[in-house]
Student: 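The structure that follows is given in the form of structure tokens.
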Protein chains: 2
Amino acid sequence: MVDDKKTTEELIFEAALKVFQKKGLAGARMQEIADEAGINKSMLHYYFRSKELLFRQIFLKSFKGFIGSIVPLLNQEISWEEKIHLIIEHYAALLQRNPDLPLFIFNELKNNPEDFISILKENSVRDTLFIKQIITGIQKGGIRRISPQQIIVTINSGIIFPFVAMPMIKFMASLNDTDWDSFMEDRKRIVEEMLIKYLKEF
Amino acid sequence: MVDDKKTTEELIFEAALKVFQKKGLAGARMQEIADEAGINKSMLHYYFRSKELLFRQIFLKSFKGFIGSIVPLLNQEISWEEKIHLIIEHYAALLQRNPDLPLFIFNELKNNPEDFISILKENSVRDTLFIKQIITGIQKGGIRRISPQQIIVTINSGIIFPFVAMPMIKFMASLNDTDWDSFMEDRKRIVEEMLIKYLKEF
DNA sequence: GTCTATAAGGTGATAGAC
DNA sequence: GTCTATCACCTTATAGAC
């Protein structure tokens, strides 16, 4: 068994990750996390003191996984077109594995905006090579005059939003799980082509 | 005072709308709703029996306001380009007035998918004139070959997602409230131009 | 219809044995 | 470190006076 090698703390952490991402801070129950981890409820307090502190650790880990992986990517030495392609592939893959992640994060950001400011400061998208490449492209005339933030938001909207609205999209378009995968394959291609075409042809 | 004309039931409903949209089902407190309405807590049960039933009514109203207004618009006798413009303007205006609405709705849709199926059935986007116009356009060669659902998702993503991610966007791009408004003005124009250009030029 | 008081059950947290 | 037992508080919901 793989589980035998995991420490109790790890078991709790993984269980908490699952339950909090599914139910949120207010909706999650310590008992449910304990059951999910297969251990006693008082162990949660032994290792993490309180629900609030446990949640905070889960959120920080989730948020770093969500935002932290993107900055190194934006700093790679490749063209801005390739970079757009990579960001799209990166987020689509991440969210296919973890579809509850966006809603979980955006809920908490709304409820406790302070919590994440330090992380955002450590991962400033604004100072990346990608932004510089866009600005240079605009100055040289190869890219349409547009705020770099709008480009970032366009990419994120196109890929992240479908996961936020997944239940609605699945129902309205009558998609099963396989259909969903091919819907997202189309989506990736459309977002990339549409954005690059818009940026280049003006 | 305008409030004098409102019945107790209306006062409760409006207070519940505000509190539930802000905190969600699990996070909201009946006491908080009562305080917000300026009435006694037992009145909530007198008029709506239970928290769950009160929430359901709030959600149904919110969801209908979100989805119900769009179908008539999609059936208007105007060109598909004008229709895209109108949808964007419609949602942007709705969400500027009600920025918590999308997160509220998508949370509940995730937790209780059954609740909204009947409403979605009553508001089938698939049977609208807009979808027919797109399909006809594709057949006649004036529109790029693309699934109509992808067009709908592209519009919604571009406009709705920024409100879901608002705290993050505001921080990363250092936007105050005025900046946000002009950011969304740009956003509307970009989404519309980008999509229509993509659909027409291929 | 509206209020006060209180019931009934759940939930986070801790004490203490092992 | 892990468990059982239990506390203290909170929250929904109801009973009953007015």
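By convention in this document, chain letters (A, B, ...) are assigned in the order of the sequence lines, proteins followed by strands, and residues within each chain are numbered from 1. These numbers were taken from a predicted model, which means no experiment stands behind them.
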Student: Which whole-number value in Å describes the distance from Asp35(B) CG to dC10(D) P?
Tutor: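 After rounding, the reported distance stands at 15 Å.
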Student: Would you say Thr8(B) reaches dT2(C)'s phosphate, i.e. side-chain N/O to OP1/OP2 under 4.0 Å?
Tutor: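 Affirmative; the distance criterion is met.
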Student: Give Ala28(B) one of three labels, base, sugar-phosphate or nothing, depending on what nucleic acid heavy atoms sit under 4.0 Å from its own.
Tutor: sugar-phosphate
Student: When you measure only distances, ignoring hydrogens and angles, does the side chain of Ser42(A) come within 3.5 Å of the base of dT4(D) through a donor and an acceptor?
Tutor: yes
Student: Rounding to a whole Å, what distance do you find between Phe55(B):CZ and dT12(D):C1'?
Tutor: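 Those two atoms, CZ and C1', are 16 Å apart.
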Student: Counting heavy atoms from C-beta on, name the nucleotide in dT12(D), dA13(C), dT4(C) closest to the side chain of Lys41(A).
Tutor: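 Of the candidates, dA13(C) comes closest.
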Student: Restricting to non-hydrogen atoms, name the atom on Ala15(B) and the atom on Ile33(B) that form the minimum distance, rounded to 0.1 Å.
Tutor: CB-O, 3.5 Å
Student: Got a salt bridge between Lys41(A) and Asp35(A), using NZ or NE/NH1/NH2 to carboxylate O under 4.0 Å?
Tutor: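 Answer for the salt bridge query: no.
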Student: Which whole-number value in Å describes the distance from Glu52(A) CD to dG12(C) C1'?
Tutor: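 After rounding, the reported distance stands at 11 Å.
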Student: Among the nucleotides dT2(C), dT4(D), dT12(D), which one has an atom lying closest to any side-chain atom of Met30(B)?
Tutor: dT12(D)
Student: Are any of Arg29(B)'s side-chain N or O atoms less than 4.0 Å away from OP1 or OP2 of dT12(D)?
Tutor: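 It does, given that an N or O in the side chain of Arg29(B) lies less than 4.0 Å from OP1 or OP2 of dT12(D).
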Student: Whole angstrom is fine here: how far is it from CG in Asn40(A) over to C1' in dA15(C)?
Tutor: 13 Å
Student: What contact category does Ala34(A) fall into here, base, sugar-phosphate, or nothing, at under 4.0 angstrom with non-hydrogen atoms?
Tutor: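 Nothing: the residue Ala34(A), judged by heavy atoms under 4.0 Å, touches no strand.
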Student: Walk me through whether Glu193(A) and Lys197(A) qualify under salt bridge (Lys or Arg N to Asp or Glu O under 4.0 Å).
Tutor: CA-CA 6 Å; Glu193(A) 279 184 33; Lys197(A) 184 180 175 63; over 6 Å; no
Student: When you get a sec, tell me which of dT12(D), dG12(C), dA13(C) is the closest nucleotide to the side chain of His45(B)?
Tutor: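 For the His45(B) side chain, the nearest candidate turns out to be dT12(D).
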Student: The side chain of Tyr46(B) lies closest to which of these nucleotides: dT2(C), dT14(C), dT12(D)?
Tutor: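 Comparing dT2(C), dT14(C), dT12(D) against the side chain of Tyr46(B), the answer is dT2(C).
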Student: Mind checking Tyr47(B) for me? I need base, sugar-phosphate or nothing, with any heavy atom below 4.0 Å counting as a touch.
Tutor: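 Sugar-phosphate, no base atom in range.
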Student: Classify the angle between the aromatic ring planes of Phe13(A) and Phe48(A) as parallel (below 30°), tilted (30 to 60°) or perpendicular (above 60°).
Tutor: tilted
Student: In whole Å, I'd like the distance from the CD1 atom of Ile39(B) to the P atom of dC3(C).
Tutor: 7 Å
Student: Which listed nucleotide (dT4(D), dT14(D), dT2(D)) is nearest to the side chain of Met43(A)?
Tutor: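 It is dT2(D).
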Student: Please report, rounded to the nearest Å, how far the C1' atom of dA5(D) is from the CD atom of Gln31(A).
Tutor: 14 Å
Student: If the threshold is 4.0 Å, N to carboxylate O, is there a salt bridge linking Glu122(B) and Lys64(B)?
Tutor: no
Student: How long is the line joining NZ of Lys51(A) and C1' of dT14(C), in whole Å?
Tutor: 17 Å
Student: For Leu54(A) and dT11(C), what is the distance between atoms CG and C1' respectively, to the nearest whole Å?
Tutor: 15 Å
